[in-house]
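Notes for the one structure printed next.
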Number of protein chains: 4
Amino acid sequence: MTVRAAVAGASGYAGGEVLRLLLGHPEVEIGALTGHSNAGQRLGALQPHLLPLADRELQPTSAEVLAGHDVVFLALPHGQSAAVAEELGPDVLVVDCGADFRLQDAADWEAFYGSAHAGTWPYGLPELPGARAALHGSRRIAVPGCYPTAVSLALFPAYAAGLAEPEAVIVAATGTSGAGKALKPHLLGSEVMGSMSPYGVGGGHRHTPEMIQNLSAVAGERVTVSFTPTLAPMSRGILATCSAKAKPGTTAADVRAAYEKALADEPFAHLLPEGQWPATAAVYGSNAAQIQVAYDEAAGRVIAISAIDNLTKGTAGGAVQSMNIALGLDEATGLSTTGVAP
Amino acid sequence: MTVRAAVAGASGYAGGEVLRLLLGHPEVEIGALTGHSNAGQRLGALQPHLLPLADRELQPTSAEVLAGHDVVFLALPHGQSAAVAEELGPDVLVVDCGADFRLQDAADWEAFYGSAHAGTWPYGLPELPGARAALHGSRRIAVPGCYPTAVSLALFPAYAAGLAEPEAVIVAATGTSGAGKALKPHLLGSEVMGSMSPYGVGGGHRHTPEMIQNLSAVAGERVTVSFTPTLAPMSRGILATCSAKAKPGTTAADVRAAYEKALADEPFAHLLPEGQWPATAAVYGSNAAQIQVAYDEAAGRVIAISAIDNLTKGTAGGAVQSMNIALGLDEATGLSTTGVAP
Amino acid sequence: MTVRAAVAGASGYAGGEVLRLLLGHPEVEIGALTGHSNAGQRLGALQPHLLPLADRELQPTSAEVLAGHDVVFLALPHGQSAAVAEELGPDVLVVDCGADFRLQDAADWEAFYGSAHAGTWPYGLPELPGARAALHGSRRIAVPGCYPTAVSLALFPAYAAGLAEPEAVIVAATGTSGAGKALKPHLLGSEVMGSMSPYGVGGGHRHTPEMIQNLSAVAGERVTVSFTPTLAPMSRGILATCSAKAKPGTTAADVRAAYEKALADEPFAHLLPEGQWPATAAVYGSNAAQIQVAYDEAAGRVIAISAIDNLTKGTAGGAVQSMNIALGLDEATGLSTTGVAP
Amino acid sequence: MTVRAAVAGASGYAGGEVLRLLLGHPEVEIGALTGHSNAGQRLGALQPHLLPLADRELQPTSAEVLAGHDVVFLALPHGQSAAVAEELGPDVLVVDCGADFRLQDAADWEAFYGSAHAGTWPYGLPELPGARAALHGSRRIAVPGCYPTAVSLALFPAYAAGLAEPEAVIVAATGTSGAGKALKPHLLGSEVMGSMSPYGVGGGHRHTPEMIQNLSAVAGERVTVSFTPTLAPMSRGILATCSAKAKPGTTAADVRAAYEKALADEPFAHLLPEGQWPATAAVYGSNAAQIQVAYDEAAGRVIAISAIDNLTKGTAGGAVQSMNIALGLDEATGLSTTGVAP
């Protein structure tokens with residue numbers, strides 16, 4: 001099979017990472033690359049690491065340019081995907097790396113994004129119960145947010161096994177690429193190097209309702225989430241430290257067994273051996289999530305920690321993994337669990 | 001007043017920071033500098049940033065060398081301070097930057113450090129209720145751990161006001177200097193740059209009982225602490241994200257008022273204006289803690305975040321601040337709330 | 001003496017560093033702080049590390065606001081200083097951290113900056129032969145560029161002693177704060193972390209004619225300069241690697257002797273002991289330049305390397321040092337040779 | 001073809017990178033992995049990014065363990081390769097990532113390494129004139145040093161075209177992985193983050209004679225090299241800034257033409273379009289060298305700059321590229337010119 005793929009938003013970090021992965025995907029041929037303010041420029045000037053595509057020119061994002069592809073990846077500002085998808089027709093596989101179609105609850109969308117809800121697409125986190133079935137054969141995929149990917153993979157085994165109380169407390173550190181290629185003072189190198197800082201504290205981050213949605217579905221009850229994201233002095237990576245009180249009677253062995261069972265067959269969600277903890281460096285450029293869990297008896301809490309590359313498993317790798325499922329390819333095609341380290 | 005001060009352990013990070021601050025302290029004259037394996041070396045070869053002391057030679061750590069000073073700062077591996085202090089006599093002010101005399105409960109000490117408890121000295125975190133009175137005139141000071149400093153300053157106002165349930169959840173990121181100048185593979189630059197990683201997960205970190213001790217004393221009830229430390233790719237700084245469920249009936253205004261009241265007159269614990277969050281870069285080299293608090297109504301939690309420089313307010317600055325109090329100097333002498341940024 | 005000082009351009013990196021140093025200067029009282037697009041904002045929102053000034057409000061940069069001060073520091077975009085200085089009158093000490101008055105040759109100015117030459121002021125690098133005399137009592141100071149500071153301090157001893165051929169080759173690495181708080185994609189944290197990159201290669205950097213001016217004056221002949229600046233993944237610091245062929249007959253002992261002689265009495269230009277090389281970390285936040293020199297016999301070249309903090313000795317520290325001289329204060333008042341490390 | 005490959009020294013940075021590349025090589029099956037002090041440990045504990053090999057156990061480095069492979073990669077301390085190679089016999093392809101067989105001149109070896117010269121093997125920098133022919137069918141390969149790779153690729157076109165005087169001046173910045181996983185204080189994260197520092201200044205670096213050997217062979221005359229390496233605050237990457245006086249009569253067009261001609265058909269040495277300069281981030285994890293050149297007319301110098309990943313093109317990628325040639329495979333098999341960025 002040769003799949004012809006276009007990428008809308010090819011000059012940003014998400015679009016660039018999609019291209020990096022597609023360059024190594026044996027079944028994909030890269031078609032149109034589009035941009036907005038950068039249309040007309042050589043990709044080599046914008047993404048100098050994508051050397052094989054250096055002489056490709058960005059075209060404007062339009063239905064004409066995107067027509068004629070089997071798959072179209074959208075890496076656009078939120079609110080723009082619905083219109084593009086509609087023009088592409090129902091037979092094209094549209095993989096939206098943005099937020100537009102992730103939430104099921106329109107009220108949540110409106111509260112956190114301030115615009116009308118565009119709808120809900122099959123959710124591209126195959127590891128969640130039921131997700132693969134929904135993705136198989138689908139022609140629309142909503143790629144999860146990077147934080148919800150890290151957090152859901154860390155906590156779903158505990159909720160699936162009924163071991164955790166429905167009040168999760170999450171503190172996550174992200175590399176700066178999670179904020180995109182945005183020209184904001186606090187994202188300048190001089191500001192971020194040597195600094196850790198929180199943002200969106202107190203429930204305001206837009207990824208919070210997505211985490212609640214995922215964890216509640218697995219738990220079978222409403223899970224509240226206290227989520228504090230922090231910006232770390234690194235380009236890539238998310239380390240999510242997630243905890244919840246253990247349900248009465250839970251033992252350390254129960255916790256370990258639940259995670260071993262939930263992650264046993266997952267190609268990209270890896271439970272580390274006991275005693276080894278995840279580090280973002282180990283998943284740099286990799287599609288793997290590395291996960292560890294502990295039971296703190298004195299505090300009575302289950303503590304699960306995951307490390308992912310926010311641009312790979314957290315965005316573009318999750319997108320390609322879900323595309324593979326939708327198209328009936330082997331789920332791991334073109335994806336690797338090997339990181340680039342040190 | 002001219003105070004003659006010696007520093008035992010001058011080649012390490014804590015000792016170096018004590019010296020950096022003493023060089024700017026108008027009432028202190030720097031006397032003997034000692035080391036262990038580095039005795040006999042020029043300080044300039046070990047601490048090239050301390051240019052005014054470059055030609056000073058490290059002497060061995062012994063009672064003879066340390067005799068004849070008004071103040072002796074100990075920056076030694078844990079377990080070594082008691083013997084040195086005993087030889088110095090009761091009239092010398094001994095400021096221990098190590099852990100030996102921080103804990104009140106001998107069982108806690110033995111459980112976490114695996115040796116006999118040496119005793120308890122007045123605790124060098126002046127911001128805690130009652131701490132200044134205990135420090136005034138004292139000739140022994142136990143400098144707090146860096147994490148307990150950051151965490152206690154962030155959470156004590158909530159517990160002092162009775163606003164928080166006695167189950168604290170803390171995730172903190174530290175710069176690598178917090179681990180000392182130890183030759184361990186995971187502390188190599190190649191390993192830490194670009195990486196976030198947790199350690200001591202599940203209650204095992206030695207600073208946990210110290211946090212419990214501080215918060216419980218303020219709360220008037222036993223507070224459990226779930227503490228997850230993480231190593232961040234920066235040299236200095238701690239960002240502590242601390243939360244607890246709010247007691248029933250708590251409002252956002254209650255929380256703000258409690259913090260404003262508790263920190264109003266503190267020279268080195270600064271509550272930021274609403275909407276501004278702390279960043280470790282802003283306290284680089286400064287003795288200030290920058291603190292912010294929020295009430296997450298949906299999750300029902302008080303979230304308090306502090307940023308400190310682990311070597312300054314978290315170690316050497318706290319030591320000098322407490323020395324000032326013990327000696328009857330103005331508490332802020334030789335200390336600054338200005339950071340070096342960007 | 002109490003000197004009342006204003007800072008125009010207080011929201012940028014240079015202006016912020018001037019303020020950091022003035023906060024520790026015992027003879028200075030900080031007066032008006034001005035900005036352009038940031039006028040009306042709290043300084044605490046823009047420079048959160050300057051805690052003692054957090055509640056000060058930025059005023060617009062105007063003659064009225066700047067009037068009534070003894071010293072005015074200008075940290076403005078190039079081309080704007082002349083007009084401001086004229087309005088302040090001849091009795092106010094104007095310290096220009098910008099480029100406008102550094103170059104003696106109007107043609108050089110026009111070639112590199114593309115506008116009319118504003119004139120030449122006494123040059124604020126006191127270590128250069130004759131510079132102190134010109135600064136003493138002056139009411140106008142042109143603060144050198146950061147690279148010319150590092151390069152001139154590294155090479156002037158060799159040229160003053162007639163040991164080096166007049167063809168210097170310089171490669172320097174700078175921290176990103178050298179580029180200012182400019183919102184450009186290549187300065188984003190995601191781009192600079194983990195990356196070294198050159199810019200202005202082949203003679204195009206605006207600091208090149210300033211280096212030629214300084215070295216030629218010392219050498220007594222026209223010195224050509226091949227200058228390649230590179231951007232390093234750090235916030236602060238310049239490491240300048242400078243070399244030139246040795247004049248025939250030069251020995252290693254000649255080179256060492258020349259540097260010892262030239263730097264013997266300098267408070268802020270420090271020749272390291274043989275065998276120890278400078279590192280930017282050792283001068284972080286310090287006004288010291290740390291310098292070392294070697295003679296490579298096989299290649300026949302003198303290699304001199306200096307490390308400075310681009311914002312301190314390279315900008316604001318040099319400015320304050322020169323102000324001290326101009327005002328008849330001790331040259332080192334309010335300045336330190338102690339760095340913040342690790 | 002399936003090639004069975006062993007890696008001796010699999011716990012270090014070079015060995016780890018060889019394994020990362022072999023995991024993606026379609027013709028290679030990974031056999032024995034050996035270590036010294038780490039023998040008996042799981043690879044997952046030492047190289048957590050190599051997830052597909054996590055459960056492999058390190059064996060001791062011995063002839064028995066390494067027997068039965070088609071290719072053996074040696075990533076050993078210098079001086080150890082000869083003995084191992086001898087035991088493996090002449091039919092096994094031995095790829096030495098160490099220094100032992102790089103130099104042709106025994107006196108050079110003895111002067112810089114202080115031991116007896118082991119010999120000279122075909123040199124694994126295929127881009128140099130004549131190198132591919134020597135590698136084809138060879139069963140011994142000496143992988144170049146990382147600095148000589150970066151420098152030789154940057155300068156050989158100028159010397160091949162006779163445009164440059166035989167006195168090269170080189171300043172290069174390396175990521176810390178270039179120093180290996182060595183437990184030395186100056187390699188600690190706390191020391192390297194935020195710092196640039198030189199080392200081996202004045203001709204002492206062991207890569208100097210290798211550069212002289214390569215450039216002299218291309219130039220047809222003895223080229224002297226002034227080489228200053230610097231340590232940069234990043235894990236990977238080399239940026240080499242290389243210059244030499246232009247021979248009389250050289251024009252900018254001559255320089256451009258020489259580089260276009262020399263690099264036109266190279267799969268892994270890429271001349272950037274005019275105006276675009278290399279950055280190490282763009283070659284992170286990639287086997288490409290990105291190269292640019294300028295002619296500085298005022299200084300009369302050719303300035304060539306290259307960026308490589310020191311572990312990929314600079315070590316393991318160069319090793320695999322040379323292995324491919326030796327085995328008659330397509331030179332690019334298993335290698336990519338795509339970097340991981342941002």
Taking the six-membered ring for Trp, are the ring centroids of C:H205 and C:F112 within less than 6.0 Å of each other? no
Just by modelled atom types, is the D:A172 backbone N or O under 3.5 Å from a matching donor or acceptor in the D:T230 side chain? yes
D:E221 bridged to D:K247 by N-O distance under 4.0 Å: yes
Let me know if D:S243 has heavy atoms under 4.5 Å from chain C in its side chain, its backbone, both or neither. side chain
Within a strict 4.5 Å, meaning less than it, do heavy atoms of the C:D108 and C:E110 side chains meet? no
Among D:S226, D:A173, D:A341, which residue has the highest count of heavy-atom pairs closer than 4.5 Å to chain C? D:S226
Quick one: of D:L239, D:V293, D:T224, D:L188, who has the most non-hydrogen atom pairs under 4.5 Å with chain C? D:L239
Can you confirm whether more than 12 heavy atoms, excluding those of D:K181, are under 6.0 Å from its NZ atom? yes
Could you verify whether a donor N or O on one side chain and an acceptor N or O on the other, from C:T312 and C:E17, lie under 3.5 Å apart? yes
Given that the side chain runs from C-beta out, which part of D:V225 has a heavy atom under 4.5 Å from chain C: side chain, backbone, both or neither? backbone
Under a 4.5 Å heavy-atom cutoff, which of D:P342, D:A232, D:P198, D:A282 has the most pairs with chain C? D:P198
Could you look at D:A298 and say if it's the side chain, the backbone, both or neither that has a heavy atom under 4.5 Å from chain C? backbone
Return the option, out of C:A279, C:A168, C:G204, C:S235, with the maximum number of heavy-atom pairs under 4.5 Å with chain D. C:A279
Note: vs chain C, highest number of non-hydrogen pairs under 4.5 angstrom among D:A307, D:S190, D:P233, D:A299 is D:P233
Max heavy-atom pair count under 4.5 Å with chain C, selected residue of D:V302, D:V201, D:I238: D:V201
Side chains of C:T337 and C:N287 in contact at under 4.5 Å (non-hydrogen atoms): no
Which answer fits D:T228, side chain, backbone, both or neither, if we ask what part of it has an atom under 4.5 Å from a heavy atom of chain C? side chain
Look at C:E297, C:M196, C:M234 and state which one has the largest set of heavy-atom pairs under 4.5 Å with chain D. C:M196
Note: D:D296-D:R301 ion pair, threshold 4.0 Å (strictly below): no
Between D:E167 and D:V223, is there a side-chain heavy-atom distance shorter than 4.5 Å? no
Please flag which part of D:T280 lies under 4.5 Å from any non-hydrogen atom of chain C: side chain, backbone, both or neither. both
Top of D:A294, D:G300, D:G237, D:P278 for chain C proximity - count of heavy-atom pairs under 4.5 angstrom: D:P278
Which bit of C:S197 is near chain D, if near means a heavy-atom gap under 4.5 Å: side chain, backbone, both or neither? both
